[in-house]
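Some notes on the structure that comes next.
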Amino acid sequence: MSVNEIYAIIMVVALLGGVIIGFPVAFVMAGLGLFFGTLVGGIDLASYQATLNTYGVMSGWSLLAIPLFVYMGVVLEKAQIADKLYLGLYLLLGPLRGGLAIATMLIATLFAACTGIAGASVIAIGLIALPSMLTYGYDRRMASGVICAGGGLGVIIPPSIMLILYGPVAGVSISMLFIAAILPGLLMASFYILYIGGRCFLNPKFGPAITPEEAAKYSRKDVFKILLFSGVPPIGIIICVLGSIFFGLAAPTEAAALGGLGALFIAAIYGKLNIRMFLDSGYSALKISTFIMWLVLGAKFFMTTFNKLGGGNLIYDLLMSLNTGPTVLLLIMLLIIFILGMFMDWIGILLVVIPIFIPIVKTMGWDQIWFAMMFCITLQISYITPPFAYSIFYLKGIAPPEVSLVDIYRGCVPFIVIQFFVLIILFFWPDLALYLPQASMVAQ
């Protein structure tokens with residue numbers, strides 16, 4: 001093993017150590033990249049490479065979709081579409097056992113298609129739904145699991161920010177990734193709803209129906225008006241955005257711009273659009289987008305130096321030298337992603353791991369879109385897997401004191417099982433991810 005390869009291993013160990021200690025991932029990756037780049041090539045070469053990386057990241061056309069989709073999600077959140085739609089679905093499904101939890105999952109699915117970020121969905125849905133479910137006697141574990149799992153759908157359901165970053169790194173069309181993620185995401189949401197309905201039907205203590213007196217406060221006509229007014233506009237904008245991508249009418253960046261404009265229009269319809277809201281939305285979107293771009297830039301610094309040291313080839317040779325079949329090799333790769341997902345932010349994992357894994361994917365002859373879905377679902381599972389899980393800690397930060405961390409952990413377990421089940425289905429039935437991209441190419 002050469003000195004450069006030893007440096008590459010030290011970089012990985014230092015990265016994991018820095019993240020576990022609590023240092024910001026973006027600055028750890030950037031610092032390691034610059035330090036070892038200077039150590040090996042000198043300050044002039046390292047600074048020149050850093051300049052090229054910065055320009056390449058900040059001028060990337062495909063990454064322009066990130067702030068646009070983030071802006072769309074922020075505007076829709078501040079327009080309080082989830083509040084109104086939740087009330088309508090609550091009145092419609094509340095009389096059913098588990099109806100409030102099912103309504104929460106439906107809202108989470110729609111919100112995932114609006115925001116594209118798991119953390120934002122968990123916090124927004126948690127603030128709205130958790131107090132309501134607890135008030136009506138829902139089991140704390142059930143309520144917590146529904147919110148964490150539903151919020152995590154933002155990782156897989158387009159317009160997922162994860163897919164926007166995955167495409168350029170892996171050299172795969174973002175449009176095809178969006179289209180491929182629709183069926184796996186909806187299948188997962190459907191299984192969630194089936195589990196909630198079945199569990200609460202068998203044991204009403206987990207999700208009791210609301211009382212007839214509560215349901216009688218609104219007529220069916222009122223419920224219909226609420227659902228029509230609060231549901232049609234956001235669903236319409238999602239159909240327009242994803243439909244324009246599916247039929248080849250717009251690239252993701254143009255579709256994101258259309259979505260942002262549509263979100264402002266919806267905010268105006270709801271009477272929420274004003275100067276204060278306009279400025280707050282821009283500021284919030286700027287903070288989120290800047291955070292993401294710093295992570296992208298830090299990972300770029302890290303991977304440039306890591307690959308120059310031969311780290312990528314070292315890991316590639318190590319994995320390919322294993323005396324295993326393709327299935328076991330795939331499981332090892334997914335296991336690495338899963339374990340990293342419990343310690344690191346998904347952006348860092350994606351930008352560090354994918355450049356190493358893609359050559360293996362090509363060598364093994366796996367479909368890249370199919371592997372992308374396997375990757376994203378595995379990373380989504382790690383989001384709610386104890387002991388380290390971002391979604392769980394997001395929810396704990398906004399949950400009432402009576403909801404303990406153990407309650408959230410236990411509530412997530414059934415949904416983790418469902419996620420693994422969907423991953424297994426996707427492994428044995430790749431057409432679940434490949435059918436719509438093929439249909440899209442025919443439609444175009």
Side-chain angles (χ1 to χ4, degrees), residues 57-88 107-129 151 154 157-162 164-165 174 178 225-245 249-296 347 394 397-398:
V57 169
M58 296 307 169
S59 63
W61 173 255
S62 58
L63 296 181
L64 184 59
I66 293 176
L68 292 172
F69 273 125
V70 169
Y71 183 72
M72 182 185 81
V74 169
V75 172
L76 290 175
E77 178 185 355
K78 292 188 179 298
Q80 299 178 337
I81 63 166
D83 300 60
K84 300 179 178 66
L85 191 55
Y86 187 77
L87 174 61
I107 293 294
T109 304
L110 179 63
F111 211 73
C114 293
T115 62
I117 303 175
S121 297
V122 171
I123 293 172
I125 301 301
L127 289 171
I128 299 168
I157 293 180
S160 165
I161 302 300
M162 180 183 292
I164 297 174
L165 282 178
I174 298 175
F178 274 8
K225 286 182 178 179
I226 294 173
L227 289 174
L228 182 65
F229 184 70
S230 61
V232 172
I235 292 174
I237 192 174
I238 292 168
I239 292 175
C240 289
V241 169
L242 297 182
S244 63
I245 296 173
L249 301 176
T253 302
E254 288 87 354
L258 176 66
L261 184 62
L264 289 173
F265 180 70
I266 291 175
I269 292 177
Y270 289 168
K272 299 294 182 179
L273 184 60
N274 51 52
I275 296 298
R276 176 66 179 267
M277 182 265 195
F278 186 78
L279 294 176
D280 286 347
S281 298
Y283 181 64
S284 297
L286 179 63
K287 287 197 300 183
I288 296 171
S289 301
T290 303
F291 167 75
I292 294 173
M293 296 308 292
W294 267 113
L295 279 167
V296 173
I347 300 176
Y394 288 147
I398 62 170

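None of the values given here were measured: they were computed from a predicted structure.
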**OP:** Compare every heavy atom of A255 with every heavy atom of A250, then report the nearest pair and how far apart it is.
**Re:** CB-N, 4.1 Å
Original post:
In terms of heavy-atom contacts, does CZ of F278 have more than 12 from other residues, nucleotides or ligands at under 6.0 Å?
Top reply: no
Subject >> Heavy-atom neighbours of L279 CG exceed 12 at 6.0 Å >> reply: yes
Original post:
side chain to side chain contact (heavy atoms under 4.5 Å, CB included) between V241 and I238: does it pass, once the steps are laid out?
Top reply: CA-CA 5 Å; V241 169; I238 292 168; 5.9 Å; no
Subject >> Side-chain heavy atoms of I288 within contact of Y71, under 4.5 Å >> reply: no
Subject >> Minimum heavy-atom distance between L165 and I66, given as atom pair plus value >> reply: CD2-CD1, 3.5 Å
Subject >> I237 side chain reached by F265 side chain, heavy atoms, under 4.5 Å >> reply: no
Subject >> Shortest non-hydrogen contact between Y270 and F229, atoms and distance >> reply: OH-O, 2.9 Å
Original post:
So, the side chain of S160 versus the backbone of I157: is there a donor-acceptor pair under 3.5 Å, distance only?
Top reply: no
**OP:** Give, for atom CD1 of I161 and atom CD1 of I164, the distance between the pair rounded to the nearest 0.5 Å.
**Re:** 4.0 Å
**OP:** Search all heavy atoms of S284 against all heavy atoms of K78 and return the closest pair with its distance.
**Re:** OG-CE, 3.7 Å
Original post:
Is there side-chain contact between N274 and M277, with at least one heavy-atom pair below 4.5 Å?
Top reply: yes
**OP:** Specify the closest pair of heavy atoms between G151 and A108, including all atoms of both residues, with the distance to one decimal.
**Re:** N-CB, 4.3 Å
Subject >> Closest approach of L273 to L264 (non-hydrogen atoms, all atoms of both residues) >> reply: CD2-O, 3.7 Å
Original post:
How far does CG of L258 sit from OG1 of T253, to the nearest 0.5 angstrom?
Top reply: 12.5 Å
